[in-house]
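Please read the structure below before turning to the comments.
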There are 2 protein chains.
Amino acid sequence: MNNKAQIRKTLANAGLKATVQRLVILEALTDNFSHPTAESIYRQIKKKYPSISLSTVYNTLEVFRQHGLVRFVNTGSVTVRYDPVTDKHHHLFLEDSNKIEDYYNNELDRLLNKFFSKNKIPNFEINDMQVQIKGRYSKYQKAN
Amino acid sequence: MNNKAQIRKTLANAGLKATVQRLVILEALTDNFSHPTAESIYRQIKKKYPSISLSTVYNTLEVFRQHGLVRFVNTGSVTVRYDPVTDKHHHLFLEDSNKIEDYYNNELDRLLNKFFSKNKIPNFEINDMQVQIKGRYSKYQKAN
DNA sequence: TTCCGAGTTAATAATCGTTCCAAGTTAGAA
DNA sequence: TTCTAACTTGGAACGATTATTAACTCGGAA
Ligand SMILES: [Mn+2]
Ligand SMILES: [Mn+2]
Ligand SMILES: [Zn+2]
Ligand SMILES: [Zn+2]
């Protein structure tokens with residue numbers, strides 16, 4: 001689905017040169033929905049592309065962020081985690097594994113929009129909204 | 001309302017020794033609803049209590065956190081910010097000033113509870129939930 | 001074809017926020 | 001009042017991120 005041609009197209013749409021580094025980093029991101037850190041993306045890429053530099057990973061992620069290709073995930077900890085999904089969605093924070101999972105629900109989004117249309121925050125213009133859900137899986141571990 | 005006696009009581013309730021350092025840090029927190037960083041709490045305290053160590057601020061905030069006296073705020077940035085309000089509430093992230101404001105709304109909480117009662121996430125037990133609202137004040141700046 | 005220059009990368013240093021540690025101090029139980 | 005586990009301190013260490021900069025790339029003039 002998200003093959004190399006698609007990745008090139010994404011870069012072109014963002015007005016970014018399709019360098020090898022950007023291709024592998026973006027490819028790594030599209031393969032990886034675990035909300036990875038810069039470091040873990042770096043390790044993942046190093047196998048295929050050993051000459052990559054950690055600086056380049058940081059630089060590129062920042063360029064991607066500025067062009068809306070990735071987002072930061074708000075975690076309460078020190079390390080920044082990146083999210084290649086820039087569509088509206090929410091997050092499940094797993095309390096016993098520092099995993100972060102995506103949660104999509106259009107009905108929830110409609111509910112929130114409706115709520116904040118009725119209950120305006122005075123003089124405040126909302127640009128984005130995200131629900132952080134903390135908890136744990138019981139009984140069955142979710143398949144990864 | 002939250003005088004020194006009250007602060008001592010809070011520490012006692014948590015089963016913590018009432019050291020001078022803990023008293024001034026907790027006092028600083030109760031005065032400060034700007035979701036401060038460890039560093040900014042440190043600077044604030046240093047005026048009254050110049051011998052305080054930054055390590056102590058970090059240590060103490062961590063102890064407070066373990067005893068439910070403060071929380072981390074999840075921001076997308078590198079620095080941890082602390083929240084002395086441990087009641088259920090949500091946050092407004094001001095997009096042009098890195099300020100964070102509290103947002104309380106019981107009706108919103110009821111709405112969310114109701115939603116997630118009906119729309120259970122399979123095998124997932126929710127322990128906490130927080131809405132992050134990003135945006136900006138228009139026209140009038142909110143009085144600080 | 002050669003050359004140029006903007007854009008990019010890699011290596012390294014610098015900085016930042018946080019944690020760790022060994023040694024000294026203290027709150028408060030007894 | 002004494003005693004000791006709990007606490008604080010300052011500095012070093014650490015991990016994550018950012019800044020600096022020199023080398024590389026490559027498409028498009030000349
Ligand atoms: Mn996300
Ligand atoms: Mn809060
Ligand atoms: Zn996500
Ligand atoms: Zn708050």
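So that the names make sense, note that chain A is the first sequence line, chain B the second, and so on, each numbered from 1. Everything numeric in this text was worked out from a predicted model, so none of it was measured.
- Bracketed by its first and final contacts, the part of DNA chain C lying under 4.0 Å from non-hydrogen atoms of chain A reaches from C:dT8 to C:dT18 in 5' to 3' order.
- Contact annotation for B:Tyr42: no contact, since no heavy-atom pair falls under 4.0 Å across all strands.
- When each of B:Arg22, B:Arg8, B:Lys4 is paired with B:Glu27, the salt bridge (charged side-chain N to carboxylate O under 4.0 Å, His left out) condition holds for B:Lys4 and for no other.
- Among the protein residues, B:Thr56 comes within range of the nucleic acid bases, having at least one heavy atom under 4.0 Å from a base atom.
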key: Base versus backbone protein contacts along nucleotides 15-27 of chain D [heavy-atom cut-off under 4.0 Å; B, S, -]   = -SBBB--------

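- Side chains of B:Glu95 and A:Asn127: a donor on one and an acceptor on the other come within 3.5 Å.
- For the residue pair A:Gln44 / A:Asn32, a side-chain donor-acceptor distance below 3.5 Å is found, with atom types taken as modelled.
- Not counting sequence neighbours, the partners of A:Arg43 by the salt bridge (charged side-chain N to carboxylate O under 4.0 Å, His left out) test are A:Glu39.
- Once rounded to the nearest 0.5 Å, the distance linking CZ of B:Arg71 with NE2 of B:His35 reads 10.5 Å.
- Atom-to-atom, NE2 of B:His67 to C1' of D:dC7 comes out at 13 Å; the value is rounded to the nearest Å.
- The 5' end of DNA chain D is approached more closely, in terms of each residue's nearest nucleotide, by B:Gly15 than by the other of B:Ser53 and B:Gly15.
- Under the salt bridge (charged side-chain N to carboxylate O under 4.0 Å, His left out) criterion, A:Lys88 pairs with A:Asp128, not counting sequence neighbours.
- Legend: side chain to side chain donor-acceptor pair (under 3.5 Å) pairs involving residues 60-69 of chain A, not counting sequence neighbours, sorted by first then second residue: A:Glu62-A:Arg65, A:Glu62-A:Gln66.
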Hey, can you pull the donor-acceptor pairs under 3.5 Å for the side chains in residues 49-57 of chain B, sequence neighbours left out?
unit_1: B:Tyr49; atom_1: OH; unit_2: B:Gln21; atom_2: NE2; d: 3.2
unit_1: B:Ser53; atom_1: OG; unit_2: B:Ser55; atom_2: N; d: 3.1

